[in-house]
Amino acid sequence: PSKTSTLIHRKEEMSAQENRVMALSEWEDRWQEGKTGFHRSEVHNLLESNLDKVVCGRNEVRFFFPLCGKAVDMKWLADMGHTVVGVEISEKGIKQFFAEQILAFNEEPVPAIPGAKVFKSTDEKISIYQCDLYKFSSTVGGKFGGIWDRGALVAINPYDRQKYATLLMSLMNNDCRYLVDTLEYNPELYKGPPFFVSEEDVKNLFGGGCDIELLESVDAFEEKHKSWGLGSLTEKVYLLAPKAQ
Ligand code: SAH
């Protein structure tokens with residue numbers, strides 16, 4: 001085949017969103033401009049309904065929140081006696097979290113990550129690292145017994161997904177339960193973020209290291225999705241557990 005036809009063929013095979021890129025500065029701009037429509041003022045319903053399957057009767061679970069924003073779920077888990085570590089690039093978002101939750105905090109540099117800071121509630125139950133997620137590792141933050149991934153796998157740039165999955169799996173203890181929230185909609189109609197993540201994507205990304213169970217699939221279509229040009233949107237939550245060695 002000619003070079004041109006090969007290119008056209010490849011283009012057809014690529015998903016509509018594969019080349020979409022959000023720079024870190026664009027996220028910071030969203031925080032500065034108050035364009036944080038992803039934030040919810042209530043605890044997420046799918047975390048609430050599936051929490052038992054993550055906690056599995058354990059006390060004081062160490063939870064990881066990738067791309068945490070100012071998720072109120074962090075405070076909710078800390079109030080239950082768990083500890084939470086989040087990673088978020090926007091200092092403004094982190095400061096809003098502590099202010100809105102009325103939590104006193106301390107701010108320290110992170111020697112292992114140049115330029116990074118960690119914001120810790122004074123009771124040390126919640127720590128939020130202000131840095132690029134890909135600079136974070138188990139060397140910096142240890143491993144975790146639970147992960148809540150909402151607005152994270154669906155928010156990262158699609159071409160970073162394998163790197164993201166490898167990092168997240170490296171943060172899981174053997175008894176870790178990782179709850180991941182995904183969105184399915186027609187990616188030809190809206191460019192994202194949040195990006196479309198299929199069941200097949202989840203299997204390809206995490207199936208090598210984890211057993212995967214689809215826990216819930218709900219119609220999550222809201223008024224705002226109409227302005228995105230969509231007519232339907234499904235939210236699916238999966239439970240990932242490290243495969244027995
Ligand atoms: N999980 C939160 C926020 C979702 S929006 C919620 O559900 O409300 C995605 C967040 O990730 C934004 O706050 C953005 O500032 C942050 N972010 C995006 N890319 C990042 C990266 N590479 N490292 C750290 N934070 C990032």
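Both ligands and their constituent atoms are indexed starting at 1 by order of listing. Each residue takes its place number in the sequence, starting with 1.
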Could you tell me whether a side-chain N or O of [X] sits under 3.5 Å from a main-chain N or O of [Y], the two making a donor and an acceptor?
X      : Y      : result
Asn157 : Met22  : yes
Glu88  : Ser90  : yes
Gln17  : Phe196 : yes

Is it true that Cys131 lies under 4.0 Å from ligand 1, counting heavy atoms only?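 Judged by the 4.0 Å heavy-atom criterion, Cys131 does count as contacting ligand 1.
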Classify the contact between Trp31 and ligand 1 as side chain, backbone, both or neither, using a heavy-atom distance cut-off of under 4.0 Å. side chain
Could you pull out all residues at least two apart from Tyr159 that satisfy ring-ring contact (aromatic ring centres under 6.0 Å, His included)? none
Any idea which atoms of ligand 1 are less than 4.0 Å away from a heavy-atom of Cys68?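 In order of number, 1 (N), 2 (C).
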Which of the numbered atoms in ligand 1 are under 4.0 angstrom from any heavy atom belonging to Leu133? 21 (C), 22 (N), 23 (N), 24 (C)
When only distance counts, is Ala152 in polar contact with ligand 1, meaning an N/O pair under 3.5 Å? no
So is Ile89 polar-close to ligand 1, meaning N/O to N/O under 3.5 Å? yes
How far is [atom] from the closest protein heavy atom, and which atom is that?
atom                    : result
atom 8 (O) of ligand 1  : Arg150 NH1, 3.5 Å
atom 21 (C) of ligand 1 : Leu24 CD2, 3.5 Å
atom 9 (C) of ligand 1  : Gly151 O, 3.5 Å

Test: [X] and [Y] ion pair at under 4.0 Å:
X      : Y      : result
Lys226 : Glu223 : yes
Asp175 : Arg58  : yes
Lys203 : Glu199 : yes

Cut-off 3.5 Å, side chains only: do Gln96 and Lys70 have a donor facing an acceptor? yes
For atom 12 (C) of ligand 1, which candidate among Glu91, Lys70, Glu88 holds the nearest heavy atom?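 Result: the heavy atom closest to atom 12 (C) of ligand 1 is in Glu88.
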Regarding atom 17 (N) of ligand 1: of the candidates Asp132, Asp73, Leu67, which has the closest heavy atom?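 Comparing heavy atoms across Asp132, Asp73, Leu67, the nearest one to atom 17 (N) of ligand 1 lies in Leu67.
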